[in-house]
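Below is one structure; the comments refer to it alone.
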2 protein chains.
Amino acid sequence: MARPRTKKRIVNRLPRERREADILEAALHVFRLRGYENASISEIAERAGLVEGSIYRYFQNKRDLVIKVIEQWYLGMISEDEAWLPGIEGARNKLRHAIWHHLNAIRQEPGLSRLVFSEFRPDPEYRQTTIFALNRRYTSRVTDIVREGMQAGEFRADVSPSLVRNLIYGCIEHHTWAFLRGEGDFDVERTADAITNLLCQGLDQRPNPVASPAPRKKRL
Amino acid sequence: MARPRTKKRIVNRLPRERREADILEAALHVFRLRGYENASISEIAERAGLVEGSIYRYFQNKRDLVIKVIEQWYLGMISEDEAWLPGIEGARNKLRHAIWHHLNAIRQEPGLSRLVFSEFRPDPEYRQTTIFALNRRYTSRVTDIVREGMQAGEFRADVSPSLVRNLIYGCIEHHTWAFLRGEGDFDVERTADAITNLLCQGLDQRPNPVASPAPRKKRL
DNA sequence: GCCATTTAATGAATGTAATTTATTTGGCTG
DNA sequence: CAGCCAAATAAATTACATTCATTAAATGGC
C-alpha cells in the first residue's frame, strides 16, 4: 500500500485549440481506419498524446467525437462542390457532375462513408444530428438541379425531385458497397456516365426513335 | 465461505430442437426490437428461459445467432416471392412487382431490414456470409427480369442489369430510411408506381410527345 | 430398477472498453 | 512567490460478451 512517491507523473499541458485539433486529427485517423465500434478511445488518446480519460474534457463521448470528425469532412465536401457547380451548363450535365462528385467522395474516403452509411443514418436520433442537416445541404443540390431542369423544360415535370435524389444516392451507395468493404475498385467516370444515362433515358425501349433528330431543343 | 447446500439449482432440460427454436424466437424478438448492439444476450436468454452462458452451447456467439435469425427471414421472403412472380406478365409488370415486394418486406420488418442494411452489409466478411448468398438470390430476380425484358425487346439492351438492380434496391432503401428510423410511414403502392415509372420512362422530357399517346399534358 | 457415463445448464470468473471521479500538476495572477 | 484554477492523470466503475469449472438430468447397460 506504500504509494511510490518517486514516480512523478509527466503532464504535458497544451492550449485548448491545439489539444482539440490533435484529438480530432487522431480520431479522424483511427475512425477512418477502424470504423466506429472497433475504434477505441485509448488508441485515439495514445495517438493524440494523452490519456483516455482526458478525451472527455474535450468531447462528451465517443459519439460526439465521431460526429465532429464527420462534420469537418462534410463541410469540406460541400464547399468544394459549391466551387464547381456554377461553371456547368444544362441540368443533365449538372446532374452528372453531382453524381460524379459523390462517387469521387466515396472513393476518396471509404472509411468515413461507411461510418455515415451504417453508423449514423440508422440512428433514431439522426434527424436531430448536425450530420443530418449537413447531409441535407449536401444532397439538396440534386433536388435543386432537378427542379431547375423541370422549369427549363429539360426534364419531365411529373416526377418527384426527392425520388430522383433517393434514386441517385441510393444507386451510388449500392453500387459502391463492394468497394466500401474493400473488394476491389470502381471507375468513377464510367459509373457516373452509366447512372446519368439510365436516369435520364430510362429503361424502356424508345417508342419512336426516328422522329427526334434533336434531343435537346424543344420545338415550337 | 460456507456454500449453501440448501439452494438446489433448478434445471429445466429440453430437447435440442426445442431449445434452439426457443432461443431463435427470443433472439428474433429482441433483435427486431433493439438492433444488434443494444440487444443483450442476457435479455435473449431470459426471454428464452435460460441463462446467458447456455446460449453458447447452441450458437457460437452473438453474431452467429443474429445470422441464423436473418437467414430464416430471408428464406421466408424468397419462397413467398417465388410463389407470386410466375403469374405476372411483361417485364415492366414483373419489375413493378419486385419493387413492390421489397418495399412491402421493409415495411413489415423494419427492425430486421435495418440489421441487414447497417450491420451486415458493411462487414468486410459479408461476402463469405450466407446472408450474402441469400441476398444475391433475393435480388437476382431483378437482373433476371431485366435480361428477359431486353431479350423481348421491351427494354433497351445497352444498360447493365446489375446497375438497374443497384438503382432499384438503392432507391428503395434511401426512400425508406426515414421510416426505418421510426419517422412516419410510406405508401407501398404509390412508391412502387413512382419508382417503376421513373426507372422505365427516365427523367428526360420525351423528345417527341406527339408520337406517343400523350402521357401528361399535350400542347397544340 | 440401479449405477456409470454423457451432456445440458448453471453461476461465477474473465476480459475488454467506455465513462466517471478523485487527485495531482502546471501555469498564471495578484 | 503563494495560491488558485483548469488541465491531466490514474484508478474505479459499469456493462457486456464470452469462457469455464461444477452440478444435475437423462440415458444405456446390467
* Verify the neighbour count for atom CD of B:E46: are there more than 12 heavy atoms of other residues, nucleotides or ligands below 6.0 Å? => no

* Rounded to the nearest Å, what distance is computed from the CG atom of residue B:L50 to the C1' atom of nucleotide D:dA25? -> 15 Å

* Can you tell me how far P of D:dA24 sits from CZ of B:R13, to the nearest Å? -> 12 Å

* **Basic-acidic side-chain contact under 4.0 Å: B:E125, B:R63** => no

* Asked: OP1, OP2 of D:dT9 versus side-chain N and O of A:S54: anything below 4.0 Å?
  -> yes

* Side-chain contact, heavy-atom cut-off 4.5 Å: A:Q72 with A:E25? -> no

* Taking 4.0 angstrom as the limit, do B:K68 and B:E20 come out as a salt bridge? -> no

* Whole Å only: how far is the CZ atom of A:R18 from the C1' atom of D:dA7? -> 15 Å

* If you find the nucleotide of DNA chain D closest to A:G49 and the one closest to B:G53, which residue's nucleotide is nearer the 5' end? -> A:G49

* Specify the residues of residues 19-33 of chain B, ordered by number, for which at least one heavy atom lies under 4.0 angstrom from an atom of DNA chain C. => B:R19

* To do: Respond yes when some side-chain nitrogen or oxygen of B:S40 is under 4.0 Å from OP1 or OP2 of D:dC16, and no when none is.
  => no

* Asked: Counting only non-hydrogen atoms, which of residues 55-73 of chain A are less than 4.0 Å from DNA chain D?
  -> A:R57, A:Y58

* Asked: Parallel, tilted or perpendicular: which fits the ring planes of A:H174 and B:Y169, with parallel below 30° and perpendicular above 60°?
  -> parallel

* Base, sugar-phosphate alone, or nothing: which one does B:A39 contact when heavy atoms must sit under 4.0 Å apart? -> sugar-phosphate

* Asked: Do A:F132 and A:Y126 have their ring centres less than 6.0 Å from each other?
  -> yes

* Provide, to the nearest angstrom, the distance between the CD atom belonging to B:E52 and the P atom belonging to D:dC16. => 10 Å

* **Electrostatic pair B:R114-B:E109, nearest N-O below 4.0 angstrom** => no

* Are the side chain of B:R137 and the backbone of B:L75 linked by a donor-acceptor contact shorter than 3.5 Å? -> no

* To do: Would you kindly give the CZ-to-P distance between B:R16 and C:dT6, to the nearest whole Å?
  => 18 Å

* A:I44 CD1 to C:dA17 P: how many Å, rounded? -> 13 Å

* Asked: If we only count heavy atoms from C-beta on, is the A:L65 to A:F31 side-chain gap below 4.5 Å?
  -> yes

* Asked: Roughly, in whole Å, what's the span from CD in B:E46 to P in D:dC16?
  -> 13 Å

* To do: Rounded to the nearest angstrom, tell me the gap between atom OH in B:Y36 and atom C1' in D:dA17.
  => 9 Å

